[in-house]
Amino acid sequence: MAASTEQNLGGVEEAKVEEEPRVLEPGAAPFGNFPHYSRFHSPEQRLRLLPPELLSRLFPQGPEKKPILGLDVGCNSGDLSVALYKHFLFLRDGETHSDASRELRLLCCDIDPVLVERAKKECPFPDALTFITLDFMNQRSRKVLLSSFLSQFGRSVFDIGFCMSITMWIHLNHGDHGLWEFLAHLSSLCHYLLVEPQPWKCYRAAARRLRKLGLHDFDHFHSLAIRGDMASQIVQILTQDHGMELVCCFGNTSWDRSLLLFRAKQTTETHPIPELLIEGKEGNRLRSLR
């Protein structure tokens with residue numbers, strides 16, 4: 001994070017974390033805070049499903065050219081955040097764009113301060129990607145840090161939110177109501193929301209890993225009533241309870257997770273759905289679910 005950006009985040013100071021080598025078994029990362037997550041779920045698997053022009057189509061720039069503001073929840077060490085930024089700005093490896101931060105700004109947050117520090121150190125676009133340590137379920141911290149970022153641009157909400165393989169960890173650690181609240185907060189903060197839900201088999205695998213390591217089971221795993229087809233469950237919560245509509249599904253990754261794009265219903269007039277998404281162009285890589 002650039003020094004000037006840190007000063008603008010409402011004066012909230014984050015404790016400086018000395019990064020130490022950590023070797024965590026997958027089951028020993030109870031919030032999904034795996035070191036080197038991208039080594040076993042590569043960003044490229046998501047990017048191949050997402051059209052690079054998606055954001056430029058969703059948010060055509062007017063003469064004022066306000067930057068698109070994105071929120072990446074659960075960014076880990078930032079590999080996917082950086083990859084999404086480069087993908088949507090058509091940047092190749094090693095390529096920079098002097099005005100890129102004027103086009104797209106991402107606020108990327110994670111609960112793990114060590115991962116966030118790594119993301120800050122390794123980010124090639126410090127003027128455009130801001131990394132902060134944040135427990136998104138902490139209402140006070142969330143309000144202060146997100147509002148401080150948005151106020152820099154005179155905004156009250158983000159244009160788009162990214163929630164990539166995070167829903168299961170919220171669900172396991174905060175229960176059914178926690179998942180419902182998490183999706184409520186996201187839907188209230190974003191015009192559009194891109195969600196990659198973990199399927200139920202991932203829940204069982206996460207619980208099984210904990211047991212094999214002799215660790216305490218997830219508090220809510222056995223009491224969850226929201227279960228089964230988790231993509232459909234999340235679609236139902238967002239559309240029936242939180243005023244969003246499903247725009248399209250971009251398909252599934254090689255590890256069988258759907259990429260679902262939602263839109264706040266009040267966004268309809270100001271941001272019409274691009275023809276690309278309605279008609280499923282680009283070799284029918286997109287499937288319209290409207």
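Between Phe262 and His242, the ring center distance fails the sub-6.0 Å criterion.
The shortest distance between side-chain heavy atoms of Glu117 and Thr133 does not fall below 4.5 Å. Residues Leu107 and Leu69 are not in side-chain contact: their nearest non-hydrogen atoms beyond the backbone lie 4.5 Å or more apart. Counting heavy atoms from C-beta on, the side chains of Leu91 and Tyr85 come closer than 4.5 Å. At a threshold of 4.5 Å between non-hydrogen side-chain atoms, the residues Asp72 and Leu106 do not count as touching. Counting heavy atoms from C-beta outward, Ile237 and Ile226 have side chains that approach closer than 4.5 Å. A heavy-atom distance below 4.5 Å is not found between the side chains of Asp176 and His220.
Contact record, Lys265 with Thr239: NZ-O, 4.1 Å, taken as the closest heavy-atom pair. Between Asn76 and Asp110 the shortest heavy-atom distance is N-OD2, 2.8 Å. Minimum heavy-atom separation, Leu55 to Ile68: O-CD1, 3.9 Å. Annotation for Asp217 and Ala207: closest pair OD1-CB, 4.1 Å, computed over non-hydrogen atoms. The minimum heavy-atom distance linking Leu71 with Cys109 is given by the pair CD1-SG, 4.4 Å. When every heavy atom of Ser165 is checked against every heavy atom of Glu196, the shortest pair comes out as OG-OE1, 2.7 Å.
Checking side-chain atoms of Arg257 against main-chain N and O of Ala231 turns up no donor-acceptor pair under 3.5 Å. No donor-acceptor pair under 3.5 Å is formed between the side chain of Gln45 and the backbone N or O of Thr253. Proximity of a side-chain donor or acceptor of Asn138 to a complementary backbone N or O of Ser141 within less than 3.5 Å is detected. A distance-only check finds a donor-acceptor pair linking the side chain of His87 to the backbone of Leu50 [under 3.5 Å]. Distance alone, capped at 3.5 Å, places no donor-acceptor pair between the Ser147 side chain and the Val144 backbone. With Gln198 contributing its side chain and Met168 its backbone, the two residues share a donor-acceptor pair below 3.5 Å.
Within the model, atoms SG of Cys202 and CG of Asp256 stand 8.0 Å from one another, a figure rounded to the nearest 0.5 Å. To the nearest 0.5 Å, the span separating OG on Ser258 from CG on Asp229 amounts to 8.0 Å. How far CD1 of Ile170 is from CG of Leu183: 9.0 Å, rounded to the nearest 0.5 Å. Distance CG/Asn173 to CG/Leu179: 11.5 Å, rounded to 0.5 Å. Summarising the geometry, atom OH belonging to Tyr192 is positioned 7.0 Å from atom CG belonging to Leu261; distances are rounded to the nearest 0.5 Å. A distance of 10.5 Å separates SG of Cys123 from CG of Asp79, quoted to the nearest 0.5 Å.
Note on ring orientation: taking the six-membered ring where Trp is involved, the planes of Phe162 and Phe88 are parallel (angle under 30°, cut-offs 30° and 60°). The aromatic rings of Phe158 and Phe149 sit parallel to each other, their planes meeting at less than 30°, with 60° as the upper class boundary. In this structure, Phe136 and Phe182 have perpendicular ring planes: the angle between them is above 60°, well past the 30° mark.
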**Prompt:** Going through the distances and angles, do Glu181 and His177 end up as a side chain to side chain donor-acceptor pair (under 3.5 Å)?
**Reply:** CA-CA 6 Å; Glu181 282 195 332; His177 187 65; 3.1 Å; yes

**Asked** Between Lys212 and Arg209, is a side-chain contact (heavy atoms from CB on, under 4.5 Å) present by the stated rule, with each step listed?
**Response** CA-CA 5 Å; Lys212 284 185 176 180; Arg209 288 194 297 264; 5.7 Å; no

**Message:** Between Leu47 and Leu84, does the side-chain contact (heavy atoms from CB on, under 4.5 Å) criterion hold? Intermediate values first, please.
**Reply:** CA-CA 7 Å; Leu47 300 184; Leu84 287 168; 3.8 Å; yes

**Request:** Test side-chain contact (heavy atoms from CB on, under 4.5 Å) on Met230 and Thr167 and set out the steps.
**Result:** CA-CA 9 Å; Met230 292 309 300; Thr167 52; over 6 Å; no

**Request:** Apply side-chain contact (heavy atoms from CB on, under 4.5 Å) to the pair Arg46 and Phe250, showing each step before the final yes or no.
**Result:** CA-CA 9 Å; Arg46 281 95 168 212; Phe250 292 98; over 6 Å; no

**Request:** Could you give me the CA-CA distance, side-chain angles and deciding distance for Tyr203 and His171, then say whether ring-ring contact (aromatic ring centres under 6.0 Å, His included) is met?
**Result:** CA-CA 9 Å; Tyr203 286 66; His171 201 188; 5.4 Å; yes

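Note: the hydrophobic cluster containing Phe153 does not contain Val157 (ILVMFWY, side chain heavy atoms under 4.5 Å, direct or indirect links). Both Met137 and Leu238 sit in one connected hydrophobic cluster of ILVMFWY residues. Membership requires side-chain heavy atoms under 4.5 Å apart, directly or through other members. Following chains of ILVMFWY side-chain contacts shorter than 4.5 Å, one cannot reach Leu172 starting from Ile111, and the two form parts of different hydrophobic clusters. Transitive grouping of hydrophobic side chains (ILVMFWY, heavy atoms separated by less than 4.5 Å) brings Leu224 and Ile166 into a common cluster. Taking hydrophobic clusters as Ile, Leu, Val, Met, Phe, Trp and Tyr residues chained together by side-chain heavy-atom distances below 4.5 Å, Ile132 does not share a cluster with Phe31.
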